[in-house]
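Scroll down for the structure; my scribbles are underneath it.
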Amino acid sequence: METIIYKICGGERDREMLELSGKILRDGGLVAIPTETVYGLGASALSVSAAEKIYAAKGRPSDNPLIVHVAEPCDAELFAYTTPLYYRLAERFMPGPLTVIMPKRDVIPEAVTGGLDTVAIRCPFHSVARDIIRCAGVPVAAPSANRSGSPSPTSAAHVIADMLGRIDMIVDGGDSEIGVESTVISIADGIITILRPGAVTEEMLSEVCDRVVIDKAVTDPESVGAKPASPGMKYKHYAPAAEVILVEADSVDDFVRYVNSNASDGDGVFASMAEMNDFNVRVLITGEVGSAAELNHSLFSLLREADDLKLRRVYIRKPPAWGEHLALFNRLIRAAAGKIEKA
Ligand code: TXA
Ligand code: MG
């Protein structure tokens, strides 16, 4: 299949190409769309055959439910049985990197929800994503636009590497600003349960609801591979070909010592610009000072870079398992297949 690639340029042509992407979606085709978290692989959420095309293009098991993307938070009403708590969350965090699981209405086929009677709804912040959904005139089911098992794509180049020739169109809207996927929550019984951590943190959700819990699978390295509430969490995920070694260290000095005495030729380390000269192996730079936001933004692209460089192992310092670091910790224990080394 020939894949149309279009880069948003702010010019006249954008409108015409966004209309085209909408038509492809409406007609049951596949379009990769930019969002603020990661690129999504979009298809009509009303069509069984379109959902099947997503699973085929990704090489993903079809029991893994898809997120349904809408252009306006209130459109959730058409596809899910909402509650007042949903609207409180929508007012505070939508459009944005939050996905809410609710009982589904019949219009959404079970092929989209992996056979579940619930549906995950998200209204992305990215204006191009919302324009494409509006042009499509249908809700858009979209998992991350990577081949199953490889790191999520945060640029059009990543999508091209994984999906060229497998889908109808790729819309290039620049690099994803956040870089890790949305926070996924369920809101059953008025309790917010975080199933996948993201940029909307436990602390932020607590401002809207005083009962917020984190599903055990989010932080527990033992759970990697087990059956969690969010089916997507059971697969070894976000993994590059290089072996990821997650190192728990009390200080930067301990981490540097551990890496320098254990790593060998062909290995690499993730470090900030400020630390780059301390290591005697190849350094992949995570940002100027190595803040959580910087590392979130660059994580998936650095994991891909590690593979482009054919690194055998990459050493990464374990982030704390709370607050703004939790999303990163959750992705890293999966990339490291649940193993943590102590420095
Ligand atoms: O930021 C994001 O959420 C991106 C962009 C494209 O929007 N999408 C994304 O989709 O990460 P995906 O398919 O890679 O991850 C969806 C996650 C999976 O862990 C899946 O199991 C969970 O959401 N999920 C979806 N529907 C669910 C449901 N009804 N019940 C429980 N978990 C669900
Ligand atoms: Mg994914």
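Sequence positions, counted from 1, serve as the residue numbers for this chain. Each ligand, and each atom within it, is numbered from 1 in the order the structure gives. Heavy atoms only: backbone and side chains are in, while hydrogens, waters and symmetry mates are out. Note that this is a predicted model, so its numbers are computed, not measured.
- Each ring pair (Phe, Tyr, Trp, His ring centres under 6.0 Å) pair with one or both residues in residues 262-281, not counting sequence neighbours, appears once here: Phe255-Phe279.
- Contact check on Asp307 versus Arg304 returns no salt bridge, with no Lys/Arg side-chain nitrogen under 4.0 Å from an Asp/Glu carboxylate oxygen.
- Using modelled atom types and a 3.5 Å distance limit, the side chains of Glu77 and Thr82 yield a donor-acceptor pair.
- For ligand 1, the atoms lying closer than 4.0 Å to a non-hydrogen atom of Gly40 are 6 (C).
- Between Glu181 and ligand 1, no pair of N/O atoms sits closer than 3.5 Å.
- Arg26 places a side-chain N or O within donor-acceptor distance of the main-chain N or O of Cys135, the cut-off being under 3.5 Å.
- Atoms of ligand 1 found under 4.0 Å from any heavy atom of Ser182, numbered from 1 in the order shown, are 1 (O), 2 (C), 3 (O).
- Ligand 1 lies less than 4.0 angstrom from a heavy atom belonging to His69.
- Donor-acceptor pairing under 3.5 Å is recorded for the side chains of Thr37 and Arg122.
- At least one N, O or S atom of Ser144, from either the backbone or the side chain, sits less than 2.8 Å from the Mg ion (ligand 2).
- Listed by atom number, the atoms of ligand 1 under 4.0 Å from Leu116 heavy atoms are 28 (C), 29 (N), 30 (N).
- Contact check on Asp168 versus Lys53 returns no salt bridge, with no Lys/Arg side-chain nitrogen under 4.0 Å from an Asp/Glu carboxylate oxygen.
- Between Arg196 and ligand 1, at least one N/O pair is under 3.5 Å apart.
- The nearest non-hydrogen atom to atom 31 (C) of ligand 1, considering only Ile108, Ile101, Asp117, comes from Ile101.
- For residues 269-292, no residue pair satisfies the side-chain hydrogen bond (donor to acceptor under 3.5 Å, both in side chains) rule, not counting sequence neighbours.
- Each of the following atoms of ligand 1 lies closer than 4.0 Å to a heavy atom of Thr118: 28 (C), 29 (N), 30 (N).
- The residue from Ser144, Ala80, Pro65 that puts a heavy atom closest to atom 24 (N) of ligand 1 is Pro65.
- The residue from Asp215, Val38, Asp63 that puts a heavy atom closest to atom 4 (C) of ligand 1 is Val38.
- Inclusion of Thr35 in the set of residues having an N or O under 3.5 Å from an N or O of ligand 1 is not warranted.
- At a heavy-atom cutoff of 4.0 Å, ligand 1 is contacted by the backbone of Ala142 but not by its side chain.
- Note on ligand 1: Asn64 sits in its first shell, one or more heavy atoms being nearer than 4.0 Å.
- Taking the side chain as every heavy atom from C-beta outward, Ile67 and Ser182 approach each other to under 4.5 Å.
- The backbone N or O of Glu181 lies less than 3.5 Å from a partner atom in the side chain of Arg331, making a donor-acceptor pair.
- Salt bridge annotation for Arg15-Glu19: present, with a cationic side-chain nitrogen under 4.0 angstrom from a carboxylate oxygen.
- Only the side chain of Arg122 comes within 4.0 Å of ligand 1, counting heavy atoms alone; its backbone N, CA, C and O stay farther away.
- Ligand-side atoms of ligand 1 in range of Ile67: 3 (O), 8 (N), 9 (C), 10 (O), 16 (C), range being under 4.0 angstrom from any heavy atom.
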